[in-house]
Amino acid sequence: MHMRVPPPLVCAIALAAVIALCGRAPRTVPGAAQPDDRGDDRIAGVIGGPLVRTDHGIGAPLDAGDTTVWVWSDAKLEPGQRVIATGRLRTPRGLLVPGASDKAALVASRGAEWEMTARHVTVTGEDDAIASQIWRWADRTQREWAARIRIVDNSPI
């Protein structure tokens, strides 16, 4: 039985179609921001959850309408706050170094498409949606339990 091999042009078109179907939709840029430039951007939205608290600041998802931005800030952020964050909007990128964390995958796992280190955050109000109320409760519970663990951990044995 003789098998007929498709011409290279047909193979190229089929491959391009598969790549197009599997490709990701283009990211939505929040507001008038210009990602990956050298200027500061202002992004307004609602802080979601969960928050990541470190010794160097707080990380939180900022729902900016059509997209979500992962914001790092020194300011005290709480779920449900309406804020305007000012800083440089960046595309999270992974490193090609073995063993290094993949920042793009980490930001995506947190539900965000963009990343920003905010130089300034202005709180403009509170969001009373049920999702914000649940995230506030979850954040408060997490902080209380973390404080209890810290007390137990620092006690003499």
Check your understanding: Same cluster or not: are Trp137 and Ile47 linked, directly or through other Ile, Leu, Val, Met, Phe, Trp or Tyr residues, by side-chain heavy atoms under 4.5 angstrom apart?
Key -> no

Practice item. Give, for atom CD of Gln133 and atom CD1 of Ile130, the distance between the pair rounded to the nearest 0.5 Å. Key: 4.5 Å

Study note, to complete from the structure: Here the pair of heavy atoms bringing Pro61 nearest to Pro50 is CD-O, 3.6 Å

Check your understanding: Of the non-hydrogen atoms in Ile84 and Ala44, which two are nearest, and what is the gap between them?
Key -> CG1-CB, 4.1 Å

Check your understanding: Of the options Asp128, Asp127, Asp63, which is the one that meets Arg82 in a salt bridge (Lys or Arg N to Asp or Glu O under 4.0 Å)?
Key -> Asp127

Exercise for review: Could you tell me whether Arg53 and Asp139 make a salt bridge, using a distance below 4.0 angstrom between a side-chain N and a carboxylate O?
Suggested key: yes

Review point. With the 4.5 Å side-chain cut-off for hydrophobic clustering, are Leu77 and Trp70 part of the same group?
Key: no

Check your understanding: Could Glu78 and Arg143 be called an ion pair, given the rule that one side-chain N must be under 4.0 Å from one carboxylate O?
Key -> yes

**Study point:** Taking every non-hydrogen atom, the tightest pair across Ala118 and Val71
**Key:** CB-CG1, 3.8 Å

Practice item. Compare every heavy atom of Ala104 with every heavy atom of Pro92, then report the nearest pair and how far apart it is. Key: O-CB, 3.5 Å

Check your understanding: Does any N or O in the side chain of Arg88 come within less than 3.5 Å of the main-chain N or O of Arg38, such that one atom is a donor and the other an acceptor?
Key -> yes

Review point. Are Arg110 and Glu115 close enough for a salt bridge, meaning some N to O gap below 4.0 Å?
Key: no

Check your understanding: Do Thr117 and Arg90 touch side chain to side chain, with heavy atoms closer than 4.5 Å?
Key -> yes

Review point. Cluster question for you: counting only ILVMFWY and a side-chain heavy-atom cut-off of under 4.5 Å, with indirect links fine, are Ile58 and Leu89 together?
Key: yes

**Study point:** Inter-residue atom distance Met116.CE - Ile43.CD1, 0.5 Å rounding
**Key:** 3.5 Å

Review point. Quick one: which of Thr122, Leu62, Thr124 gives a side chain to side chain contact (heavy atoms under 4.5 Å, CB included) with Val83?
Key: Leu62

Check your understanding: So with a 6.0 Å cut-off around CG of Asp102, is the heavy-atom count from everything else above 12?
Key -> yes

Review point. With the 4.5 Å side-chain cut-off for hydrophobic clustering, are Leu51 and Val121 part of the same group?
Key: yes

Check your understanding: In Å and rounded to the nearest 0.5 Å, what is the CH2 to CG distance from Trp114 to Asp41?
Key -> 10.0 Å

Point to revise | Verdict with reasoning, Lys103 to Arg93, per side chain to side chain contact (heavy atoms under 4.5 Å, CB included) | key: CA-CA 6 Å; Lys103 224 173 190 188; Arg93 291 183 174 89; over 6 Å; no

Check your understanding: Under the side chain to side chain contact (heavy atoms under 4.5 Å, CB included) criterion, do Glu113 and Thr68 qualify, and how do the steps go?
Key -> CA-CA 6 Å; Glu113 295 182 287; Thr68 301; over 6 Å; no

Exercise for review: Indicate, with yes or no, if Val46 and Val123 share a hydrophobic cluster defined by side-chain heavy-atom contacts under 4.5 Å among Ile, Leu, Val, Met, Phe, Trp and Tyr.
Suggested key: no

